[in-house]
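Here's the structure, in structure tokens; my notes come after.
Position 1 is the first residue of the sequence, and the numbers go up from there.
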Amino acid sequence: FAGFEHQAVTVSGEIDENMKLEKPDVVIAMTDENFEIDKKMESGEQAVEIKNIGSKYHLAAISKLNQGATAADFTQWFMSPNGPPPAQGIIATSAIGPGLAARLNLNLEAGDYILFCMANAEGKFHLFDGAIKTFTVE
């Protein structure tokens, strides 16, 4: 990226193959077309596991919708970003390969959110193919 300074990072240490993660509070399964959330997300801190059960790479993003905004408003804005966005960014994963998962620790407040896929390896954002879901946190 122009204007950004890059530095190499070295990661070292041992991998504990027997290490077990605590069970996540919520599991989100990403298919090639959509998302399946295993239970209602609540406000406050929670561990969320995002599993790619599809055949393509996916990148999950969660944004909080502005009051009165919809997923359709967000998709339209994303296609032609004029004016302020109808949602505020919260968090995104890196690309998740088929059969892999990512873990996010979230602290969500009450409101309406969108979960969408930002991957575009095939030349088109999966978001535009319907990989977007609205959910409410109470």
Side-chain angles (χ1 to χ4, degrees):
F1 297 107
F4 288 94
E5 184 177 320
H6 300 280
Q7 296 180 350
V9 174
T10 302
V11 177
S12 62
E14 294 182 29
I15 297 174
D16 182 354
E17 298 290 338
N18 297 316
M19 186 176 105
K20 302 282 187 206
L21 289 173
E22 290 185 29
K23 184 178 178 198
D25 300 304
V26 177
V27 175
I28 298 171
M30 299 177 74
T31 68
D32 287 337
E33 295 81 29
N34 213 333
F35 302 89
E36 300 166 8
I37 304 173
D38 75 337
K39 62 181 170 182
K40 188 171 180 70
M41 286 197 223
E42 297 180 7
S43 61
E45 295 182 15
Q46 55 208 296
V48 177
E49 182 174 275
I50 301 176
K51 299 189 321 186
N52 181 353
I53 61 172
S55 63
K56 305 172 186 175
Y57 274 81
H58 294 291
L59 190 158
I62 297 173
S63 293
K64 187 172 188 220
L65 286 167
N66 296 342
Q67 184 76 25
T70 66
D73 295 334
F74 180 80
T75 302
Q76 182 61 41
W77 179 87
F78 200 86
M79 291 172 70
S80 179
N82 295 316
Q88 304 304 310
I90 301 292
I91 196 163
T93 67
S94 59
I96 305 170
L100 300 176
R103 178 74 65 104
L104 300 174
N105 292 317
L106 302 178
N107 188 356
L108 300 176
E109 57 185 45
D112 292 323
Y113 290 79
I114 49 172
L115 171 63
F116 56 101
C117 183
M118 292 287 297
N120 67 348
E122 299 83 22
K124 181 179 179 187
F125 287 104
H126 295 170
L127 162 68
F128 297 144
D129 288 330
I132 187 167
K133 182 177 191 73
T134 304
F135 66 95
T136 300
V137 172
E138 295 179 358

Quick check against the 3.5 Å criterion: does D38 have a side-chain atom that pairs as donor or acceptor with the backbone of V26? no

Should F125 and L59 be counted in the same cluster of Ile, Leu, Val, Met, Phe, Trp and Tyr side chains packed under 4.5 Å apart? yes

In this structure, CG of D73 is separated from CD1 of I114 (nearest 0.5 Å) by 9.5 Å

Linking I/L/V/M/F/W/Y whenever their side-chain heavy atoms sit closer than 4.5 Å, directly or via other members, would I53 and I96 fall into one cluster? no

L127 and I62: same hydrophobic cluster, using ILVMFWY side-chain contacts below 4.5 Å? no

Would you confirm whether Q46, through its side chain, and G44, through its main-chain N or O, come within 3.5 Å as a donor-acceptor pair? yes

Enumerate, atom names and distances included, each donor-acceptor pair closer than 3.5 Å involving a side-chain atom of residues 77-92, sequence neighbours excluded.
unit_1, atom_1, unit_2, atom_2, d
W77, NE1, G83, O, 3.0
S80, OG, N82, ND2, 3.1
Q88, NE2, N66, OD1, 3.2

Hydrophobic clusters here meaning ILVMFWY residues chained together by side-chain heavy-atom distances under 4.5 Å, can you tell me if I37 and I50 are in one? yes

Can V48 be reached from V137 by stepping across I, L, V, M, F, W or Y side chains whose heavy atoms are under 4.5 Å apart? yes

Might you confirm whether atom NZ of K23 has over 12 heavy atoms from other residues, nucleotides or ligands at distances under 6.0 Å? no

Qualifying side-chain hydrogen bond (donor to acceptor under 3.5 Å, both in side chains) pairs, either residue in residues 27-36, two or more places apart: D32-S55, D32-H58

Could you check M30 against L115 for side chain to side chain contact (heavy atoms under 4.5 Å, CB included), going step by step and ending with a plain yes or no? CA-CA 10 Å; M30 299 177 74; L115 171 63; over 6 Å; no

Taking the six-membered ring for Trp, are the ring centroids of F135 and F35 within less than 6.0 Å of each other? no

Would you say that more than 12 heavy atoms from the other residues, nucleotides or ligands in this model lie under 6.0 Å from the CD of E122, or not? yes

Show me the pairs that pass side-chain hydrogen bond (donor to acceptor under 3.5 Å, both in side chains) and involve residues 92-121, at least two apart or across chains. K64-E109, D112-T136

Looking only at heavy atoms, the pair that brings N52 and P98 closest together is ND2-N, 3.4 Å

For A110 against S43, the heavy-atom pair lying closest together: N-CB, 4.0 Å

